[in-house]
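Remarks on the structure that follows.
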Amino acid sequence: MRHGKYPFIIGFLVVPLALYLVFVVGAYLQMFQLSLTDWSGFGGFNYIGVDNFVKLWDDPVFWVALRHNIYILIAMPIVTIAFALFFAFLLNVGGKSRGGVTQGVWGSKVYRVIFFFPQLLALAIVAVIFGRVFGSDRSGMLNGLFPDSWSPWLFLADERWALACIGIVLVWQQIGFYVVLFSAGMGSIGQEIYEAAALDGATKVTLFFRITLPLLWDTLQVAWVYLGIAAFDCFALVNIMSVNKGGPDNATQVLSYQIYLNAFQNSQAGYASAIGVVLFFLTLTFAALTLRVTRRDAVNA
Amino acid sequence: MSEMTNSSLDRRTLLRRAAAVGLVAAPGVSFLSACAGSDDSGDTKQATGTKSADNPLGIDPKAGVEIVIFDGGLGTKYATDVDTPLFNKKWPDAKITYSATQQVATTIKPRLNAGSAPDMINNSGSDIMDFGAIVKAGQAADLSDLFAAPSLDIAGKTVAETLVPGAVQQGTYDGKPFAVNYSFTVFGLWYNKKLFDKNSWTLPTTWADFTALLDKIKAAGITPFGYAGANAPYYMVRAIMTSAAKIGTEQVLKDIDNLKPGAWTNDAVLQAAKAWGEVGNKYIDKSFLGLKHTEVQLQQNQDKVAFYPCGSWLENEQAASTPATFEYAMMAFPSVTTADKLKATAINAAAGEIYFAAAKSKNPQGGKEYLRTMLSKQAALEFTKLTKSLTVVAGAADGVVISPGLTSANDALGKAGQEVFMGYLFDTWYKKLDDASREAANQLMFKGGDAKKFCDTMEAASQAVAKDSSITKFTRS
């Protein structure tokens, strides 16, 4: 066995590594290259230095999109994790304790499956469905539920609420996965710890904050990074749900959609690549920062 | 692919194609180089014959003609069952080699580059070739002689004289015509004729009458005017632009296309925006901002919306959801002021769907003769019957009942006379400006009707495009 170890390992690695190099690393390198050109998306191009980045700096829409990404980055993970933690806690240790063993609330096995449903739907389908839920006239689901005397809520057509509507869908779609993730994390916390705490007369709230949360920290950290990266995306929802291409009045504009519009609609692939470079560094910085900050916290805990 | 078919792709691509696709703002340098890359050895023997009154293009009566038709929404029947038999009736010895494709660029571009192009090509569909690049590469035959030739069946007129105004112009590049834009889309305000008849609402020609009627409609519990803000605000842009052109002639739109400073703050644009902004303030349902075109069009079919600005593909697009109580009809946008330079009957209509004769083929004159056949009155009428799409042959469908909406659009064209204008091209040339205009129209119509803001926003967007050296510029006259 030892004899053929390296060919064996290489045999396994070569295909995925090649794919990764071509379709991920290669694509990134090319993006960096293109961000310095005036490529339209067709034919040849000229190198124009950092002109694209200068243009980016002066582009008000870029800043609007960036601001929206940051809003989502701040709000979405917090809300998602808070809900997911709450539900996971209820599902696992929220119920009565029976025979000294803490359990989830009644019917938790069923809920666990239901919570995961949104995750099974393709994001595009979710977007279409919620487009109807938030329909701006009486045919919209929510407006249909409101009394007839109300004038319809505009939801996605109202620049004050459009981004929030998309945020809600993001959270709705993500929660299931994190409930399962946190449930798994909670499952690995020893029963005896809960028992001991319960014997000391700890309430559910104390259990949650003093035991579950600290022992779940690693999982939370992972969740935070995942959600943060998702917050930099949002492309599918914006593309399908938003009114007038990231509107109204750019109210739902995000960076990923700007990349799409510039690359494929405006024939400014070089400029789109420059936004891509910015997005790349933003995501990288975010991931590094999160891991850094939360690690220190973990030590403190 | 037809502008009159009902896929949304068609409608989206409509304006692009309608406005002479070759000028599209994404002129692939690759296309250019691909076309220009062929060597110009010119070794193809081209068939010619003797010019005569009966054979104005001087074709070789025995030489075959190869045609390629795009197999899309328009189908291919008009070519196989109408044009080819008509051609062979006059030239029985010329064998027509016909083929249809959905991948025009994929199948045709290599043949253009190889110097063995088909004689007549229908450049259309999602795999369309950049026509501006084809012209620049010298692959399209100059159609001057075709347009100067006598019409096949309209006595005493040249081909050019039989066409609607602007039709030749739309296929003209640097002063020479290279394309026949064959199908024809008419833009206006669409309504349910039966509903209007029932309420004895008469069609307005002045803005005062228009708003008076909108008041009446509102009193009847119907939303007087609507368009879909979510994905089709460019229908509204066209309405505003059409009004601006009526106030100050098509020159207003030409200035806008040419990114002339002050083009958007022009008084005509301001007045048009003001008038439409009022309509937005008083007569539109604000929830339409969140709706898609199909939703608003359906509401119109249900008589919940009275007027809808659109192109003549609408009737065909809505065919499946139009009830028996609904009969599409179209009217021209009313005059905005009493001092409008164009009459109330003036119409914005644009040709689309490119057909051209290849320059480097075996029989380009034969290809042109085939085009002359297509531009005969008889062929045009049959085309309209088969495809429910008007053609650029003026009056070809007159007096023939095809469908109520199309007849009404055709009548409006007739009433417009010479005041049919092609419209604008900035939306296909400069996508960023197109996006800006959509948002500005939504803001104007749904968020307070501030006409000054509309003009200023668009002026700023237009000048930003003008200053951006990375955007390829185009001009028109």
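Only this structure's heavy atoms are used, side chains among them; waters, hydrogens and symmetry mates stay out. Reminder, nothing fancy here: chain letters follow the sequence lines and each chain counts from 1.
- Contact tally against chain B (heavy-atom pairs below 4.5 Å) for A:Pro248, A:Gly131, A:Gly247: the top residue is A:Pro248.
- Using a 4.5 Å cut-off between heavy atoms, B:Gln443 touches chain A through its side chain atoms alone.
- The side-chain contact (heavy atoms from CB on, under 4.5 Å) test with B:Met445 singles out one residue from B:Tyr227, B:Phe288, B:Phe454, and that residue is B:Tyr227.
- Note that CG of B:Leu291 and CD of B:Gln297 are 11.5 Å apart. Values are rounded to the nearest 0.5 Å.
- Contacts between B:Asp285 and chain A at a heavy-atom distance below 4.5 Å are absent for every atom of the residue.
- Contacts between A:Leu154 and chain B at a heavy-atom distance below 4.5 Å involve the side chain alone, from C-beta outward.
- In terms of heavy-atom pairs under 4.5 angstrom with chain B, the leader among A:Asn244, A:Val243, A:Asn262 is A:Asn244.
- Side chain of B:His293 to main chain of B:Ala232: no donor-acceptor pair is present (N/O by atom type, distance under 3.5 Å, no hydrogens or angles).
- Remark: the backbone N or O of A:Trp57 is paired with a side-chain donor or acceptor of A:Trp63 at under 3.5 angstrom.
- Ranked by heavy-atom pairs shorter than 4.5 Å toward chain A, the options B:Asp468, B:Asp435, B:Asn442 are led by B:Asp435.
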Please step through side-chain contact (heavy atoms from CB on, under 4.5 Å) for the pair B:Tyr424 and B:Ile256, ending with a clear verdict. CA-CA 8 Å; B:Tyr424 49 90; B:Ile256 283 174; 5.7 Å; no

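- With A:Ser136 contributing its side chain and B:Ser287 its backbone, the two residues share a donor-acceptor pair below 3.5 Å.
- With a 4.5 Å cut-off on non-hydrogen atoms, A:Tyr271 touches chain B through its side chain but not through its backbone.
- For A:Asn143, no part sits under 4.5 Å from any heavy atom of chain B, backbone or side chain.
- How far CD1 of A:Ile168 is from CG of A:Leu237: 12.0 Å, rounded to the nearest 0.5 Å.
- Among the candidates B:Glu295, B:Lys447, B:Lys292, the residue making the largest number of heavy-atom pairs closer than 4.5 Å to chain A is B:Lys447.
- Of the listed residues (A:Asn52, A:Leu261, A:Asp137), the one with the most heavy-atom contacts under 4.5 Å to chain B is A:Asp137.
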